[in-house]
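Worksheet for the structure shown next.
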Amino acid sequence: MQIYNTLTKTKEEFVPRDKGQVSMYVCGPTTYNFIHLGNARPLVFFDTVRRYFIYKGYQVNFVQNFTDVDDKIINRAREEKTDPLELAQKYIREFFADADALNVMRADTHPKVSEHIPEIIDLIKKLEQQGHAYAVDGDVYFAVRSFPAYGKLSGRSLEDMQAGARVEVDPRKKDPMDFALWKAAKPGEPSWDSPWGPGRPGWHIECSAMAEKYLGSGFDIHGGGFDLIFPHHENEIAQSEAACGEPFARYWMHNGFITVNQEKMSKSLGNFFLVREILAKFPPDVVRWYLLSTHYRSPLDFDDEKLVMAGKGLDRIKTALRLLYEAMELPVYQEEREKPVADGLEEKLATLRLEFEKAMEDDFNTALAISVFFELAKEINIFVGKLGGKVTSEEKKLLDKAHALVKDFNCVLGILKEDKMTGRLLIDAAGADDKLTEGLIQLIIKIRQEARSKKDWATADTIRDGLKELGIILEDTPQGVRWKKQG
RNA sequence: GGCGGCAUAGCCAAGUGGUAAGGCAGAGGACUGCAAAUCCUCCAUUCCCCAGUUCAAAUCUGGGUGCCGCCUCCA
């Protein structure tokens, strides 16, 4: 398994700290608003990473924090005249609503800053005792000059950064790049008691404290967006490694941005689209498919047209799956076929599994993995097309194997949900919402079939066109009529 | 100013030394009452430009052009 490590700027062979186990920490959102598509990319991508490790049989410990104490939350709460922690709590709930829709698994632990103040204070105390931090007027700063490796993740030196620094220099800091570990409380802000007086944690220290608590030093993978490399992750490394003298995280993974008209989607530019706005127009499986259709380190440009395209691609997979399920319902014949129909399919399925794994093991190349999924869909279509309305028991076994492979691909990519009772994947375009609709459609189909049997094509076509207007697609096959909702 | 990334068909997008995956769109064919779905075939002599290394380059080196990001909150 090869993983591109931001720390070394190369792909490295992944070796977990503990055999058979993977520890991951992915920076979660600051919960002062609904999440936008840019937030959804790391969510979906790292969820897919986690799913692949699970597929490979690893035991994964996945931690994703919530930053529920922060300037932006405080400001927003002031505007809305509510309590900051309540506001944060509300958006944590909203976060889960969106994440659940995108089929993102809940983390094993979702620690919150507000519930880890003692751990944070302990870490700051440790840094202060070791001379890596200093207090000024109730604030505590990290002394970047005390950590010689500062800049190793982002690949820049303190000199580089200061030359072009656009930061207002706080004269109380020993070095302009020193950053806050603890902020003295201002009136009306949430605060906690500390050795330096009442206050709250700085932005970076939380992740150091919580990652250490739940995963320990030298855990496997730390992930987030490219924009977190500096300063956030650089600072996490400084804090954690200065405090314990051991490597913090071993593999640093960063996803590229979602762009709009090739420009970064961001809250400050105001060109962002909320996940729920998009989900109002497109099904969640399409959004997820689209997010995974490009390699995670490349930028991904967003517009409606691209989601439409992704939807059409995913329809191909869904159609193959529908055909597969149809074939799995066919009666099993005992006698052999005169001409075998499944030539080489079993080997082909094995090859496709290997290709899929190879793609995922090359730095999680989901775009390539998806192309393997398309090949699988084609193989299924070819096979099912040759069955001619009946299967032998051998062929039935092959259908089950193909189904198992689809389920495995789907499970790693997290696209379609599974019906726990039947073990089948749910294809939303198929089937009716209720019994009445199903009955009505079946009745209409029956009437149309009667017209067709009398070669009354005008009536048959009127019905088909009329249903299409309503978003119901009819497909005539030798085995009967199939219907689905428009994708 | 410092640091970094990207440039592949109409569109999206893999591919980092061995002669251009896959998807969408498009064209033709099979199937069909006609469709739809599906299958088959076609659709980049070429990978931003120039020079170089090499038997061999989209892939490596140098130069150029264009776009983007980080250095300030941001996934």
Side-chain angles (χ1 to χ4, degrees), chain A residues 6 9 11 26-30 32 35-46 70-72 75 151 154-157 159-168 177 203 223-232 234 254-259 261-269 272 289-290 293-295 297-301 303 305-317 319-320 322-323 355 359 362 365-375 377-378 380-386 452 455-458 460-461 464-465 468 473-478 481-484:
Chain A
T6 307
K9 293 185 164 58
K11 281 185 199 171
V26 179
C27 286
T30 300
Y32 69 106
I35 60 167
H36 62 72
L37 191 64
N39 299 301
R41 170 122 96 149
L43 213 55
V44 165
F45 172 67
F46 287 107
D70 175 88
D71 287 342
K72 294 188 291 291
N75 293 338
S154 53
R156 36 190 136 191
S157 66
E159 284 63 37
D160 290 344
M161 290 185 269
Q162 282 162 26
R166 281 181 271 159
V167 202
E168 270 183 59
M177 297 310 291
W203 174 35
F226 264 117
D227 50 358
L228 294 184
I229 294 173
F230 191 90
H232 187 55
E234 193 71 71
H254 294 94
N255 63 274
F257 300 122
I258 302 282
T259 59
N261 295 323
Q262 323 300 331
E263 278 191 323
K264 179 183 174 183
M265 180 185 291
S266 75
K267 288 175 183 169
S268 38
L269 286 175
F272 61 88
W289 186 258
Y290 154 79
S293 66
T294 299
H295 185 88
R297 284 190 280 116
S298 302
L300 210 202
D301 201 59
D303 60 54
E305 217 173 302
K306 300 204 169 85
L307 276 176
V308 170
M309 252 165 63
K312 284 182 180 172
L314 181 55
D315 276 344
R316 225 180 129 63
I317 304 292
T319 299
R322 277 194 303 135
L323 295 175
E355 284 177 4
D362 183 11
N365 193 336
T366 54
L368 233 201
I370 278 176
S371 79
V372 179
F373 210 159
F374 278 120
E375 282 180 51
K378 175 172 272 192
I380 289 169
N381 289 336
I382 291 172
F383 179 54
V384 166
K386 287 187 202 159
R452 289 182 74 212
K455 296 197 191 301
D456 180 1
W457 310 125
D461 291 349
R464 190 172 59 197
D465 294 345
K468 189 169 185 212
I473 310 286
L474 296 191
E475 296 173 8
D476 298 326
T477 78
V481 183
R482 167 159 69 218
W483 74 273
K484 65 170 181 178

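Here is how names work: the chains are called A, B, and so on, in the same order as the sequence lines, proteins then strands, and each is numbered from 1. Note that the structure is a prediction, hence the values are computed from the model and not measured.
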Pick the [atom1] atom in [N] and in [M], then give their distance to the nearest Å.
{"N": "B:U8", "M": "B:C49", "atom1": "P", "answer": "10 Å"}
{"N": "B:C67", "M": "B:C48", "atom1": "C1'", "answer": "11 Å"}
{"N": "B:A25", "M": "B:C71", "atom1": "C1'", "answer": "42 Å"}
{"N": "B:C11", "M": "B:G26", "atom1": "C1'", "answer": "12 Å"}
{"N": "B:C24", "M": "B:C68", "atom1": "P", "answer": "31 Å"}
{"N": "B:G17", "M": "B:A58", "atom1": "C1'", "answer": "11 Å"}
{"N": "B:G62", "M": "B:A57", "atom1": "C1'", "answer": "15 Å"}

Proximal nucleotide (of [options]) relative to the [X] side chain:
{"X": "A:Arg464", "options": "B:A21, B:C73, B:A35", "result": "B:A35"}
{"X": "A:His295", "options": "B:U38, B:C73, B:A14", "result": "B:A14"}
{"X": "A:Met177", "options": "B:U72, B:A75, B:A25", "result": "B:U72"}
{"X": "A:Phe257", "options": "B:C70, B:A36, B:C24", "result": "B:C70"}
{"X": "A:Asp461", "options": "B:G2, B:A13, B:C34", "result": "B:C34"}
{"X": "A:Thr294", "options": "B:A14, B:A75, B:C67", "result": "B:A14"}
{"X": "A:Phe374", "options": "B:G22, B:C39, B:A13", "result": "B:G22"}
{"X": "A:Asn381", "options": "B:A75, B:U38, B:C24", "result": "B:U38"}

Can you spot which of A:Leu368, A:Asn365, A:Thr366 makes a side chain to side chain contact (heavy atoms under 4.5 Å, CB included) with A:His295?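 Looking at A:Leu368, A:Asn365, A:Thr366, the match for A:His295 under the side chain to side chain contact (heavy atoms under 4.5 Å, CB included) is A:Asn365.
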